[in-house]
Amino acid sequence: MKLLDNKVAIVTGGSRGIGEGIVLKLAESGAHVAFTYVSSDEKARSLEDKIKTFGVNAKAYKSNAGIYADCEAMVNDVVKEFETVDICVNNAGISKDNLLLRMTPEQWDEVMATNLKSVFNMTKQVIRPMMKSKKGSIINMSSIVGMRGNAGQSSYAASKAGIIGFTKSIAAELGSRNIRCNAIAPGFIETDMTHYLKEGEAAKSFLDKIPLGRFGSVEEIANVTVFLASDMSSYITGQVISTCGGLNM
Ligand code: NAP
């Protein structure tokens, strides 16, 4: 018996990086997985095949998490195909870093739509099947930057701080329905998003600030996600789990 046997999970932004790591770890733990992406159909199909090697069902959706109608259509289809939704991981995210003086309204709006409105869009949809089955776990990908702020990342930090407020509010609203809602606040994790941090002098100055002395891996975020998705965390809701090698101390 696996930890997430026969659970149905949705992961936004599951095609690369942390999302891909989460998708594979959920499947390895026994969950059927639906995931979204926006760019490469080929990559999404190949990940779908990889998920199925764990003996679970998989479906990739080209669906923009920042667009309400896309999320509504996606979750409706998942409920039709998989019958319910037990786990929703709101992971899709982008950064358009710029100093405020140079940041355009378009950059601000794009980050807010993809990182924060997406969490509203998806959560509003998945709570219907979760309320029906009287259980559910929603996991939102925040960031330590959402707690500390960071020069040049005001839009990203605001979106990630917004996720924390949303997470705690939904935990309070839906706890009585046995629906839990938590956030993960990763530090620096090795993905396309942080690729530029690994080069030159900048890398050393980042590493010097991390007590564990290294960047994190997608698998380390996926492990926390599986814990929060499973009954192993059945008395945890409204929390932000910092997963950052001690960087937040
Ligand atoms: P990444 O490697 O850039 O991957 C981003 C993922 O999001 C891709 O699967 C991408 O799909 C998808 N995506 C982008 N825009 C989307 C949209 N509008 N709708 C649906 N999917 C969309 O990023 P990552 O580093 O894995 O980050 C994943 C999450 O963790 C983000 O929320 C990020 O803010 C958060 N985070 C990351 C770090 C870190 O150090 N990496 C730290 C703290 C928090 P395509 O492949 O189709 O483009």
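Fair warning: this is a prediction, and the values are worked out from it, not measured in the lab. Scope of the values below: all heavy atoms of this structure, side chains included, with no hydrogens, waters or symmetry mates. Counting from 1, the numbers follow the sequence of the chain as shown. Order of listing sets the numbers, starting from 1, for every ligand and every atom in it.
- In this structure, H32 and F82 have tilted ring planes: the angle between them lies in the 30° to 60° band.
- Every heavy atom of S118 sits 4.0 Å or more from the atoms of ligand 1.
- Judged by the 6.0 Å distance and 45° axis criteria, K52 is not positioned over the aromatic ring of F54.
- Atoms of ligand 1 lying under 4.0 Å from any heavy atom of S63, numbered from 1 in the order shown and given with element: 19 (N), 20 (C).
- Under the 3.5 Å distance criterion, the side-chain polar atoms of T123 are left unmatched by any main-chain donor or acceptor of F120.
- Contact atoms of ligand 1 toward Y37: 47 (O) (distance under 4.0 Å to a heavy atom of the residue).
- Heavy-atom contacts of S39 reach the following atoms of ligand 1: 45 (P), 46 (O), 47 (O), 48 (O) (cutoff under 4.0 Å).
- Of all atoms in ligand 1, listed by their number and element, those nearer than 4.0 Å to a heavy atom of G93 are 5 (C), 7 (O), 31 (C), 32 (O).
- Not a single heavy atom of G216 sits less than 4.0 Å from an atom of ligand 1.
- For K160, the closest heavy-atom approach to ligand 1 falls below 4.0 Å.
- Counted within 6.0 Å of NZ on K62, heavy atoms from surrounding residues, nucleotides or ligands total more than 12; the atom is thus considered enclosed.
- Remark: E219 engages K25 in a salt bridge, criterion side-chain N to carboxylate O under 4.0 Å.
- Heavy-atom separations between F215 and ligand 1 are all 4.0 Å or longer.
- Using a 4.0 Å heavy-atom cutoff, T12 is absent from the residues neighbouring ligand 1.
- Note: no N/O pair closer than 3.5 Å links G19 and ligand 1 by distance alone.
- Ligand-side atoms of ligand 1 in range of S143: 43 (C), 44 (C), range being under 4.0 angstrom from any heavy atom.
- Heavy atoms of other residues, nucleotides or ligands lying less than 6.0 angstrom from NZ of K2 number more than 12.
- Taking a cut-off of under 4.0 Å to the non-hydrogen atoms of T194, the atoms of ligand 1 that pass are 39 (C), 40 (O), 41 (N).
- In the candidate list F35, F188, Y156, Y61, Y156 is nearest to atom 36 (N) of ligand 1, counting heavy atoms.
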**Q.** Pair N91-T12, side-chain hydrogen bond (donor to acceptor under 3.5 Å, both in side chains): steps then yes or no
**A.** CA-CA 5 Å; N91 166 76; T12 64; 5.5 Å; no
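- Interface of G17 with ligand 1, defined as ligand atoms under 4.0 Å from a residue heavy atom, comprises 2 (O), 26 (O).
- Distances from atom 46 (O) of ligand 1 to the heavy atoms of G14, S15, G187 put S15 nearest.
- Between K43 and E20 there is a salt bridge, since at least one side-chain N of the basic residue sits less than 4.0 Å from a carboxylate O of the acidic one.
- Shown in contact with S142 at under 4.0 Å from a heavy atom are these atoms of ligand 1, numbered in order with element: 43 (C), 44 (C).
- Looking at H195, E110, M141, it is M141 that brings a heavy atom closest to atom 30 (O) of ligand 1.
- A donor atom on one side chain and an acceptor atom on the other are found under 3.5 Å apart for D77 and Y61.
- In the model, N90 has a side-chain atom that pairs as donor or acceptor with a side-chain atom of N140 under 3.5 Å.
- When atom types are taken as modelled, the side chain of N121 and the backbone of C71 share no donor-acceptor pair closer than 3.5 angstrom.
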